[in-house]
Structure formats: C-alpha cells, structure tokens
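Comments concern the structure below.
Protein chains get the first letters and strands the later ones, always in sequence-line order, with residue 1 at the start of each.
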2 protein chains.
Amino acid sequence: MNISLKDYISIFIHQTDLKITNCVKEQLAPFNLAPEQNLIMLLLWERDGRTQQELAEQLQKDKTTITRMLSSLEQKGFIKRVTETCDRRSMRVFLTEGGKKLECKIIPVTEGFHKAVTRGITEEELAEVRRILTKMQKNIH
Amino acid sequence: MNISLKDYISIFIHQTDLKITNCVKEQLAPFNLAPEQNLIMLLLWERDGRTQQELAEQLQKDKTTITRMLSSLEQKGFIKRVTETCDRRSMRVFLTEGGKKLECKIIPVTEGFHKAVTRGITEEELAEVRRILTKMQKNIH
DNA sequence: ATTAATTAGTTGCTATAGCAACTAATTATA
DNA sequence: TATAATTAGTTGCTATAGCAACTAATTAAT
C-alpha cells in the first residue's frame, strides 16, 4: 500500500473494516447469511415484530438498504413481513421457524469471531479505540 | 443502536467507516468522483501508467472491483486504458487531460477532510488507533 | 372537511466489494 | 515443440449502501 494513502486514518479504518467484513462473510457463508443480514437477525432474535423503520434506525442504515436486505432474508425463508393493521403503511418483521432455528448456530460464530478479533487486546485499549473513533464521528457532523 | 450490537467492536468500526465514507462521498460529489474512485486517482496523480494489477495490489482490492471502477472513470473521461505492447494481457492506466486537471481541485478537499476528521486528536492517539487496528487485522489472519 | 405535510416502504439508479468462471496471453515444463 | 500452468483482465452473480423520486397511508393545518 502506498505511503501517502496509508497516512490517511480514514483509509486505514476503511481497510480494517473491509478485512473484518470479509472474514465475517466467510464464516457466515455456510449458513447462507451475509454479514449485514446477520445484524438484522441478531435484532430479531432479541425481539421480532419490529418495523422496518425501527430496524433502519437501530442499524443506522438507509431504509432502502433495509428493504432490500429484508427481501433477501424473506426469499431465504428466514423472515416474513406482515402489514400492521392499525397503520397500514408499516410492515412488521417476524422470524420464520427456519429463522428461529438459525440462532443457536450463529451466536457461537459471532461470539467466536469477536473473541478472535480482540485477542491480545485489553479492555482499556478497546475503550480507547472507541473513544477516538467516537471523536472522529463527531468531527464530521 | 442496540447495546448488544454496539458491544461488538467490529460493528463499531464498520459504522465509523460508513459515516466517514458518506461524508467523503458528499464532498467529492460536486466533482463527479466517488470515494474509491478518488483513491485510484490519487495513485495516478502520483504516477500514471500503472497496470490494473498494480492498482489492485496497492488498494488491496479484488481485480474485478478495479476493472469496474476503471470502466466508470473511463466513461467519465478521467482516465484511458492502453494495452501493454510487450505483454498484451496487461492494461496500463493513464490520466486524460480532464483527469490531470482534477488534481488541484481534489487535493485540498482530501487534505481538508483529513484535518477535519482528526481535529482534536493527537498524533499519539492516532498512532494508538493504528496500532490496535493493526493488531485486529493480524488477529483475523 | 379539504388540503397540506408527514411517514413507511418500494423502485430505479449508481457505487462499492468479492467469488466463480471465463478468455486471452504468456511462461514453464515435459 | 506441444502441453500445462500461470497471469491479466472481463463478465455474471450476489450483497451491501444511499440518494431521488415515487406510492400509499396517516396526521396536521387551514
């Protein structure tokens, strides 16, 4: 990697993220789940029946991205969408049986990955990274 | 954002990256340049005539991604691709006049963004973030 | 009550991002 | 030299990611 590019912390963060995402992708592939789809499933395993709007807020993503991720998860048979009767604009997202069964297989993978990625890194160091990244996030707002 | 999701440092890094990328995207939009396309241009402004293979290595990206980014940059008229005579499998990427003219407009934007994102963050803190992120990158290999 | 504004979700567009499979060209090997 | 292996790049596929523009439904304002 070129030195002038590496000097930009933004690019360094971006490339770290890419590597992490690729690794997660690989580990989730056997379960037919993509990394971001997994985040939706994590929220639904905690509590399903959320609206798409709620999912978009919790994941801080555009609603169009959520629509498409849910379409994919629906096609895979992990979730179903039900129109809310009291507000017919809203869609509530529920787990299917297949979606529910996935939980006990995926959680160990997710936890295992987190342990692997933070190996040899102290809680203080993680807190420091969080603190500085938070500062960067605030700087661009 | 949900607490259990926020606890995963990978997700926190991912969301930081998304915010940064969106901000860069906004600043580059007036110049008809996307964030990753800008990285290719940065490399070419430094030295053009690189092969696609070289660009892929320097940006640590898949060659398919590079092919498509270059197609887009070519369509926008910023670069041109020339088949290498001594090895007709290779393509050398050169700046067009339009691509060359872009440099003096873009560099201040890039530098300005870097200054903004690192405002109030010391060199030591940046080095610490780099050190810990590097550790994470190594952990997943 | 009618109109205006807002909200939830979808579709079209573009941009990243990588894997698998492919072509074409070059190099290595038998 | 003929074949095998490698290399550079492209195309098809899927997955993220967000903006603009849209529909449909609901709520607010006149």
Measure across B:K100 and B:L95 and return the closest heavy-atom pair with its distance rounded to 0.1 Å.
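Smallest heavy-atom distance, with atoms named: CG-CB, 3.9 Å.
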
If I compare all heavy atoms of A:I66 with all of A:L59, which pair ends up nearest, and what's the gap?
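That would be CD1-CD1, 4.2 Å.
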
Could you state the atom-to-atom distance from [atom1] of [X] to [atom2] of [N] in whole Å?
X: B:K19; N: D:dG18; atom1: NZ; atom2: P; result: 11 Å
X: A:I79; N: C:dG9; atom1: CD1; atom2: P; result: 12 Å
X: B:N38; N: C:dA15; atom1: CG; atom2: C1'; result: 14 Å
X: A:L55; N: C:dT10; atom1: CG; atom2: C1'; result: 16 Å
X: A:K61; N: C:dG9; atom1: NZ; atom2: C1'; result: 18 Å
X: B:D62; N: C:dA15; atom1: CG; atom2: P; result: 19 Å
X: A:D17; N: C:dT16; atom1: CG; atom2: C1'; result: 12 Å
X: B:L70; N: C:dA17; atom1: CG; atom2: P; result: 13 Å

So, is [X] close to the [N] phosphate, meaning a side-chain N or O under 4.0 Å from OP1 or OP2?
X: A:K76; N: D:dT14; result: no
X: B:Q53; N: D:dT7; result: no
X: B:H14; N: D:dA17; result: yes
X: A:K63; N: C:dA8; result: no
X: B:T64; N: D:dT10; result: no
X: B:T67; N: D:dG9; result: no

Which of residues 23-36 of chain A sit near DNA chain D, with a heavy atom under 4.0 Å from it?
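Within residues 23-36 of chain A, the residues near DNA chain D are A:A34, A:P35, A:E36.
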
Under 4.0 Å, heavy atom to any atom of DNA chain D: which of residues 80-105 of chain B qualify?
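Residues of residues 80-105 of chain B that come under 4.0 Å of DNA chain D are, in numerical order, B:R81, B:R89, B:S90, B:M91.
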
Both A:M69 and B:I66 contact DNA chain D. Taking the nearest nucleotide for each, which residue is further toward the 5' end?
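This one resolves to B:I66.
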
Give none if C:dC22 has no partner; otherwise give the nucleotide forming a Watson-Crick or G-U wobble pair with it, both distances under 3.5 Å.
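Answer to the pairing question: D:dG9, which forms a Watson-Crick or G-U pair with C:dC22.
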
Can you check side chain to side chain donor-acceptor pair (under 3.5 Å) on A:Q58 and A:R50, steps first, answer last?
CA-CA 10 Å; A:Q58 277 144 8; A:R50 297 175 198 250; 2.9 Å; yes

Decide yes or no on salt bridge (charged side-chain N to carboxylate O under 4.0 Å, His left out) for B:K80 and B:E74, but give the supporting numbers first.
CA-CA 6 Å; B:K80 59 196 164 202; B:E74 198 171 38; over 6 Å; no

Over all strands shown, is A:S71 touching base, sugar-phosphate only, or nothing at heavy-atom distances under 4.0 angstrom?
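Nothing, no heavy atom under 4.0 Å.
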
Please work out if B:S72 contacts a base, only the sugar-phosphate, or nothing of the nucleic acid, heavy-atom cut-off 4.0 Å.
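Sugar-phosphate contact only - B:S72 comes under 4.0 Å of backbone atoms but never of a base.
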
Hey, what do you get for CD1 (B:I13) to CD1 (B:I9), rounding to the nearest 0.5 Å?
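Here the interatomic distance stands at 5.0 Å.
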
Testing the 3.5 Å rule here: is there a donor-acceptor pair between the side chains of B:R92 and B:Q52?
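The answer is no; no qualifying pair exists.
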
Side chain B:R68 and base C:dG18 donor-acceptor under 3.5 Å:
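Indeed, a donor on one side and an acceptor on the other fall under 3.5 Å apart.
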
List the atom pairs, with distances to 0.1 Å, where a side-chain N or O of residues 102-111 of chain B and a protein N or O form a donor-acceptor pair under 3.5 Å, not counting sequence neighbours.
{"residue": "B:T110", "atom": "OG1", "partner": "B:I106", "partner atom": "O", "Å": "3.2"}
{"residue": "B:E111", "atom": "OE2", "partner": "A:Y8", "partner atom": "OH", "Å": "2.8"}

Determine, step by step, whether A:Q53 and A:E57 satisfy the side chain to side chain donor-acceptor pair (under 3.5 Å) criterion, reporting the C-alpha distance in whole Å, the side-chain angles of both residues, the deciding distance to 0.1 Å, and the verdict.
CA-CA 6 Å; A:Q53 185 65 28; A:E57 280 161 19; 3.3 Å; yes

Can you see whether B:F12 has A:R130 sitting over its ring - NZ or CZ less than 6.0 Å from the centre and within 45° of the normal?
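Yes, A:R130 sits over the ring of B:F12.
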
Take B:R89 and B:E84 through the salt bridge (charged side-chain N to carboxylate O under 4.0 Å, His left out) test and state the conclusion after the steps.
CA-CA 7 Å; B:R89 292 170 303 183; B:E84 173 74 311; over 6 Å; no

Which nucleotide in the list D:dT10, D:dG18, C:dA17 gets nearest to the side chain of B:Q52?
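In terms of side-chain proximity for B:Q52, the closest of D:dT10, D:dG18, C:dA17 is D:dT10.
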
